[in-house]
2 protein chains.
Amino acid sequence: MVKMRDVAKLANVSVATVSRVLHNSETVREATRKKVLSVIEQLNYQPNMLARQFRRNETKIILVVVPSIMNTVFSGIIEGIEYEASKHGYRVLLGNTNRNVENEYGLVELLKQKQTDGMILLSERMDADYIKALSEEYPLVLATAYIEGLKVPSVSIDNVSSSRDAVEHLINLGHREIAHITGPLQFAMSRGRYKGYKQALMQNNIEVRNMLVQEGDYTFESGYNQMLKIMAIEKTPTAIFAANDDMAMGAIKAAKELGHNVPTDIAVVGFDNIGFSSRFDPALTTVAQPLFEMGQKSMNLLLLQMQGEPLVKSQYVLECELIVRDSCGGKKKEKVLNEKLTT
Amino acid sequence: MVKMRDVAKLANVSVATVSRVLHNSETVREATRKKVLSVIEQLNYQPNMLARQFRRNETKIILVVVPSIMNTVFSGIIEGIEYEASKHGYRVLLGNTNRNVENEYGLVELLKQKQTDGMILLSERMDADYIKALSEEYPLVLATAYIEGLKVPSVSIDNVSSSRDAVEHLINLGHREIAHITGPLQFAMSRGRYKGYKQALMQNNIEVRNMLVQEGDYTFESGYNQMLKIMAIEKTPTAIFAANDDMAMGAIKAAKELGHNVPTDIAVVGFDNIGFSSRFDPALTTVAQPLFEMGQKSMNLLLLQMQGEPLVKSQYVLECELIVRDSCGGKKKEKVLNEKLTT
DNA sequence: CTGAAAGCGCTAACAG
DNA sequence: CTGTTAGCGCTTTCAG
């Protein structure tokens, strides 16, 4: 392996000069720089990054911890992170936890051992106090997840108000019997979306009926199953608000199987605007999170920390947008495929 | 930052001994080991991995280059890779290229600069000769992709025979007018699947009609558009074989919009068995790749290379399986949700 | 503008 | 079984 010494020797300069050339230091005579560069080319010299990282004690790599890589919500955020990171000379690597906390703790080691300069967490499985402590010692940002009460730098959405908006849309369409399929209620996110649902009903003087609220686990199957349960009760609802798109689609599948038409018999609204929601039949009305922007914001927050800046504001909440498609009957059936679809 | 010297000093031993304890060397007296370990705990010592990596010239990290993270095919393979990697003390990091060759070349730098011990490529965008040269110098495995003629270690499926099987299934159901929506034909994968389609027809004395073959680009939209084209020709087909599930679903959407029923009017078969294929309406008949196994195999091939073993066999082709669901009418409509769905 | 030299923290001979 | 010590390749003062 050709190293800096070899370059220096052949170029008749010192290793220090080679190093300077490599870092575009201003204090190198043009002729010297040219000579060094040509020798670098000639020898096909590649700096040993391990040595550099060791010496500088930084890697220029940031780690994004994802609970699952096959989820368009995460990939959307990651795109924003990558965009912003590359602008600032950082490389993004992903650590997949497969929704396993153990793996999450394992990846944190990379941070502690300085193998990555900073970390963005796209989940909230780890112990809150642990995360808090970690964030005091290392550059860390929570995206989507947000720990109530803890001042850990984070970027999230307002689950409550965006759910409220979604449900209000249904109310405005004339629905009064609206069911809700929640996510697991141990997650703040699920509770937030549930809360928004209740607020919308209450603000419109609609009674919240417990029977109409069923807890799913964010999977398609749970949406399907909870929908069957909901449709088995005496006074069936005319609309469903599911806490995510997967469950919304499961619910629609169940409704169809029971012989109901969506949206004419039952209107459905989801949450997340996953890639498939526009392709589903019927195309799903859903709440879109500003994923790219969340990624950017997270990365910026992380950069500030890595630069040692004091964070004036460390918790950001971004706006969601309700995407009205066919599943809620809120707009006339029109030609599909007229919006940009992501795969 | 507490370092080995600090531990050594407090434990009254040399740094060498601390290092030995850290590496479970047998040649340390139990008492000494205990003492060192307790001091490590007491000081909350974390070895500086950058130093270790630099010194040992290895990172124990392998990099998986993915063209897109929101693709269940890739995530399936990655799971297999991770499973096998962790068994052998390696950590897996993902590099997302967003289907951009530039990014791919950029990630290769990590390998060249020794920031990762090996690399698994889940794509084939880079120049074949470049990959070949790279693989001669560094541990490298191609998964799914496979470069015709080049002896780069790879794990793939037989696109030709698995497509042939899929199309033969349609033929066995009585179809003789079978259309094919291909992927971009500059990819060997697309050509392979196309070839399998033709072989199936020819082996059954069915004429291959050019009009029935349309080139898509693996997106849902292209499946939709090509299907519209296909259904516009005079003698419309009774079955469609799409080169992937996304296009198959797009085709089904088009068929539905044209007033055709799937599968009674038109049977559809896809390829990949992506997560959504079982949830689609109708559930999609498709070719499942042995993703997990492919991941395992790739990682094993990589491990052999990293251990400097000579590869006796470097190219592996694994078997696919045809999953018969509702979209081809090949089995009676039955209760859904009876198979394990992945999200 | 350039060179000499001192390490960064750890590992691995080698010597005891 | 344990300690001493020489670097790994690079960056970065400090002199010149």
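Sequence lines set the chain letters: A, B, ... in the order given, protein chains first and strands last, and positions in each chain run from 1.
Residues passing the salt bridge (charged side-chain N to carboxylate O under 4.0 Å, His left out) test with E102(B), sequence neighbours excluded: none. Scanning for side chain to side chain donor-acceptor pair (under 3.5 Å) contacts around T97(A) gives an empty result, with sequence neighbours left out. For the salt bridge (charged side-chain N to carboxylate O under 4.0 Å, His left out) test, residues two or more places apart in sequence or in another chain that qualify with K132(A) are E136(A). With sequence neighbours left out, the salt bridge (charged side-chain N to carboxylate O under 4.0 Å, His left out) criterion links E79(B) to no other residue.
For the pair K35(B) NZ and dT2(D) C1', the computed distance is 11 Å after rounding to whole Å. Here dG9(C) presents its C1' atom at 10 Å from CG of N57(A), a figure rounded to the nearest Å. Put simply, CD on E58(A) is 14 Å from C1' on dT12(D), counting in whole angstrom units. The interatomic distance linking Q53(A) (CD) with dC8(D) (P) rounds to 19 Å, in whole Å. As rounded to whole Å, 15 Å separates atom P of dG9(C) from atom CD of Q113(A).
Using a 4.0 Å heavy-atom criterion, one finds that T17(B) contacts the sugar-phosphate atoms exclusively. Using a 4.0 Å heavy-atom distance criterion, D6(B) is classed as making no nucleic acid contact. Among the atoms of the strands shown, only primed sugar atoms or phosphate atoms (P, OP1, OP2) are found under 4.0 Å from some heavy atom of V13(A).
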Between the protein and nucleotides 10-13 of chain C, which nitrogen or oxygen pairs come in under 3.5 angstrom?
unit_1: dC10(C); atom_1: OP1; unit_2: Y45(B); atom_2: OH; d: 2.5
unit_1: dC10(C); atom_1: OP1; unit_2: N48(B); atom_2: N; d: 3.1
unit_1: dC10(C); atom_1: OP2; unit_2: M4(B); atom_2: N; d: 2.6
unit_1: dT11(C); atom_1: OP1; unit_2: H23(B); atom_2: NE2; d: 3.2
unit_1: dT11(C); atom_1: OP1; unit_2: R52(B); atom_2: NE; d: 2.7
unit_1: dT11(C); atom_1: OP2; unit_2: S19(B); atom_2: OG; d: 3.1
unit_1: dT11(C); atom_1: O2; unit_2: R55(B); atom_2: NH1; d: 2.1

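Comparing the local axis fitted to the first five base pairs of the helix from dC1(C)-dG16(D) to dG16(C)-dC1(D) with the one fitted to its last five gives a bend of 30°, rounded to 10°.
Looking at heavy atoms from C-beta onward, T116(B) lies out of side-chain contact with L93(B) at the 4.5 angstrom threshold.
Here Y105(B) and Y130(B) bring their ring centres to under 6.0 angstrom of each other.
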